Amino acid sequence: MPELPDVEVVKQYADATSLHQKVQAVRVGERRMLEGVSAEELASRLEGHIFEATQRHGKYLFLGLGDANWLMLHFGMTGDLKYFKDPDKKPEYEQLLIDFSNGYHLAYDAPRKLGKIGMVEDIGSFVKEKGLGPDVMKSSFDFGTFQDTVAGRRAMLKTTLMDQRLMAGIGNVYSDEILFQTRVHPRTQINQLGEQKLEEVFHTMKEVLQTAIDCRADPDQFPSPYLIPQRYEGGKCPNCGGEVGKLKISGRTAYYCSNCQRE
DNA sequence: CCTATAGCCTGACGGC
DNA sequence: TGCCGTCAGGCTATAG
């Protein structure tokens, strides 16, 4: 569940449950998920400290413990956070378990172990080292910036939107939604779009992501003209009622309506 | 610069 | 029911 809106919802969840909580003990599951830090160092940098702030950049979440000390979480394809009191309620695939001094626990659950856990001193430096582009929901990421970012590129629009080095936050599902709402065929290259269309794509991108956040990234709550609830083989296009189809684009499956999104 | 593929992991699902 | 192949909202490395 981890594109920008999903991670934003996890951030809000962390805010509501774990902010101002003191970390008492830490246990690490799969060590392979650790990035640039040992389990011992991770524990010592968390234990005894209080979560004071959270921040998100693209699909990355950071939980701050003061003094240039941030817990970095990336959720891969299946990661999530769970806050609970009863040990019986602990998730099945916890890779990191934090005990708070109030008796509650925060678990990082990751069935497929595709995410990352780390510690960073400075988020800006981390973003730079990773080569991540600006967060697409930041207000400073405006149309002019978007235009400059994609200028001279020939890749497909879908691939460009998903390129975390250019702009951070969009993944396979939400790129499909943006293409659907702007009626762009998944194979369309970005340099085939005129300035007006590009601007429409930009505004739709912002709007789709904000709407998803407002709906707590729950497809059941999405407005009815959204493709995502119908994003599977045999789904019905919410616009024309036709059947939703799929294509392979850069190794990912793109769902679209061949009637509404013409080449 | 751009695309396609494989690998990392494990669960869910469809076909037989 | 059980087995098998395929696929899944991520990222990275590699090859052409």
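As the structure is a prediction and not an experimental result, all values here were calculated from the model. Convention: sequence-line order gives letters A, B, ...; per-chain numbering from 1.
Atom C1' of nucleotide B:dC2 and atom CZ of A:Arg187 are separated by 14 Å, given to the nearest angstrom. Rounded to an integer number of Å, the gap from A:Ile249 CD1 to B:dT5 C1' is 15 Å. If you measure from atom OH of A:Tyr232 to atom C1' of C:dG9, you get 17 Å, rounded to the nearest angstrom. Residue A:Met156 contributes atom CE, which lies 9 Å from atom C1' of B:dC2 at whole-angstrom precision. Atom P of nucleotide C:dG9 and atom CD1 of A:Ile213 are separated by 20 Å, given to the nearest angstrom. Taking atom CD of A:Glu233 as the reference point, atom C1' of B:dC13 lies 13 Å away to the nearest angstrom. In this structure, A:Leu114 places its CG atom 9 Å from C1' of C:dC11, rounding to the nearest Å. A straight line from CD of A:Glu35 to P of B:dC8 spans 18 Å, rounded to a whole angstrom.
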Q: Walk me through it: do A:Glu35 and A:Lys130 pass the test salt bridge (Lys or Arg N to Asp or Glu O under 4.0 Å)?
A: CA-CA 12 Å; A:Glu35 189 173 88; A:Lys130 280 272 168 192; 3.1 Å; yes
Q: Assess whether side chain to side chain donor-acceptor pair (under 3.5 Å) is satisfied between A:Thr145 and A:Asp142, documenting all intermediate values.
A: CA-CA 5 Å; A:Thr145 312; A:Asp142 55 15; 2.5 Å; yes
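Residue-level contact check: A:Gly171 touches the backbone only, with heavy atoms under 4.0 Å from sugar-phosphate atoms and none from bases. Residue contacts shown for A:Glu30 are absent, as no nucleic acid heavy atom lies under 4.0 Å away.
To the nearest whole angstrom, the two P atoms, one in C:dT1 and one in B:dT10, are 25 Å apart. Rounded to whole Å, the separation between the P atoms of C:dT6 and B:dT5 comes to 14 Å. When the P atom is used for both C:dG9 and B:dC2, the distance is 24 Å, rounded to whole Å.
Relative to the side chain of A:His74, the nucleotides C:dG9, C:dC11, B:dT3 differ in distance, and C:dC11 lies closest. Taking the side chain of A:Ala155 as heavy atoms from C-beta on, and the options B:dG11, C:dC11, B:dC2, the nearest nucleotide is B:dC2. Relative to the side chain of A:Tyr93, the nucleotides B:dG11, B:dC2, C:dT12 differ in distance, and B:dG11 lies closest.
Between A:Tyr60 and A:Phe75, the distance from one ring center to the other does not fall under 6.0 angstrom. In this structure, A:Phe180 has its ring center at least 6.0 angstrom away from the ring center of A:Tyr255.
Note: A:Phe100 and A:Tyr83 have tilted aromatic rings, judged against thresholds of 30 and 60 degrees for the angle between ring planes.
Looking at A:Arg45 and A:Glu121, a side-chain N of the basic residue comes within less than 4.0 Å of a carboxylate O on the acidic one, giving a salt bridge. We find that A:Lys90 and A:Asp109 are not joined by a salt bridge, their nearest charged nitrogen and carboxylate oxygen being 4.0 Å or further apart. Taking the charged nitrogens against the carboxylate oxygens, A:Lys59 and A:Asp6 have no contact shorter than 4.0 Å, which rules out a salt bridge.
Residue A:Lys59 has a polar side-chain atom (N or O) positioned under 4.0 Å from OP1 or OP2 of C:dC11. Within the 4.0 Å cut-off from OP1 or OP2 of C:dC11, not a single side-chain nitrogen or oxygen of A:Lys116 is found.
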Strictly under 3.5 Å: I want the nitrogen or oxygen pairs between protein and nucleotides 5-8 of chain C, one per line.
residue	atom	partner	partner atom	Å
C:dA8	OP1	A:Thr253	OG1	2.9
C:dA8	OP2	A:Thr253	OG1	3.3
C:dA8	N3	A:Arg112	NH1	3.1

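For C:dG9, there is no paired nucleotide, since no Watson-Crick or G-U wobble pair has both relevant distances below 3.5 Å.
Both A:Pro111 and A:Arg153 lie near DNA chain B, and the one whose nearest nucleotide falls closer to the 5' end is A:Arg153.
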